[in-house]
Each structure stands twice: as C-alpha cells, then as structure tokens.
Asks: 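Just passing along the structure, written as structure tokens.
These numbers come from the heavy atoms of this one structure, side chains and all, not from hydrogens, waters or symmetry mates.
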Amino acid sequence: MRQQQRGVTMLGLVFWAILIGFAGLITIKVLPTLNEYYTIRSAINKIAKSNPPTVAAVRGEFERQQEIEYSISSISAKDLDVTKEGDKVVISFAYDKEIALMGPVFLLIKYEGRSE
C-alpha cells in the first residue's frame, strides 16, 4: 500500500509568501498613519478638556502640541473645526492620507475624529 503524500506545493508556497508579504507591506505603511491619528485625537482631547475660551486659543494650543509631538504632520491648526455644545468645547478634524504602495498603486485612508 502506498501512502499519500502531504504538504504544500512550490506554487502554493510562493502564493502564500506573496500574500503574506503584501499584507506585511500594507501593515508597515499604515501603522505610522494610525499612530498619527491617535496622537491627534489625544492632543485635541487634552485641549478640549482644558476648555479654552476662544478658537484662537484652541489653535494656539494645537500648534504647541504639534511642536511637542513630532508625528503630527497631516493637519495644521487651521484644519480644526471648533464648536461649542452647551458650555463644552468640541474640536473636530478630518483629513485624507494617501499611501504609496508600489508604482502607481496608492491606498487612500480617510481619517476623522472629534473630542470627547
């Protein structure tokens, strides 16, 4: 009696290597943008909790946070929407991030958030 062979073919191995490599490439390129998004959210939450009196004060605080946090580069203080709900300051933002994957292929991520 012959036993049936088990295992992965060379073509299957190459396919999975390419698939895992592509997923790794996307992960490596997306993680810094996620870090920036969470840094921006943290900064605006911190600013909103201090309840600044004017829009100019909010933008000034955000510019100071940008100087401290080197990873904030996608938006500026002018891109913040500042509103007041009751007696609470609400800061919101939205921006798009294009990530070049390879050649003419890009990944577009739309980020938006608001203070708690």
Asks: Side chains of Val14 and Ile18: does their closest heavy-atom pair fall under 4.5 Å?
Replies: yes
Asks: Say whether Val90 and Phe62 are linked into one hydrophobic cluster, either directly or through other cluster members, by side-chain heavy-atom distances under 4.5 angstrom.
Replies: no
Asks: Only pairs at least two apart or in different chains count here, so list each salt bridge (Lys or Arg N to Asp or Glu O under 4.0 Å) that has a residue in residues 14-27.
Replies: none
Asks: Quick one: which residue pairs count as a salt bridge (Lys or Arg N to Asp or Glu O under 4.0 Å) with a foot in residues 41-55, not counting sequence neighbours?
Replies: Arg41-Glu116
Asks: Going only through I, L, V, M, F, W and Y residues with side-chain contacts under 4.5 Å, is there a path from Leu31 to Phe22?
Replies: yes
Asks: Tracing side-chain links under 4.5 Å among I, L, V, M, F, W and Y, which residues wind up in one group with Leu19?
Replies: Phe15, Trp16
Asks: Ala48 and Ile91: which non-hydrogen atoms are nearest, and at how many Å?
Replies: N-CD1, 4.0 Å
Asks: Do side-chain atoms of Glu98 reach the backbone of Ile109 as a donor and acceptor pair under 3.5 angstrom?
Replies: no
Asks: Only one of Ile44, Val55, Ile47, Ile40 forms a side-chain contact (heavy atoms from CB on, under 4.5 Å) with Leu80, so which one is it?
Replies: Ile44
Asks: Identify all side-chain donor-acceptor contacts of residues 32-39 below 3.5 Å with residues at least two apart in sequence or on another chain.
Replies:
residue	atom	partner	partner atom	Å
Thr33	OG1	Val30	O	2.7
Thr33	OG1	Tyr111	OH	2.8
Glu36	OE1	Ser74	OG	2.8
Glu36	OE2	Ser73	N	2.8
Glu36	OE2	Ser74	N	2.7
Glu36	OE2	Ser74	OG	3.0
Tyr37	OH	Glu112	O	3.0
Thr39	OG1	Asn35	O	2.7

Asks: If I compare all heavy atoms of Ala77 with all of Gln66, which pair ends up nearest, and what's the gap?
Replies: N-OE1, 4.3 Å
Asks: Same cluster or not: Ile99 versus Met102, using hydrophobic residues (I, L, V, M, F, W, Y) connected whenever any side-chain heavy atoms lie under 4.5 Å apart?
Replies: yes
Asks: Just verifying a value: how many Å separate Leu25 CG and Leu107 CG, rounded to the nearest 0.5 Å?
Replies: 10.0 Å
Asks: Give me each pair satisfying salt bridge (Lys or Arg N to Asp or Glu O under 4.0 Å) with a member in residues 69-89, each pair once, sequence neighbours excluded.
Replies: Glu85-Arg114
Asks: Can you pull the salt bridge (Lys or Arg N to Asp or Glu O under 4.0 Å) pairs that have at least one residue in residues 19-35, sequence neighbours excluded?
Replies: none
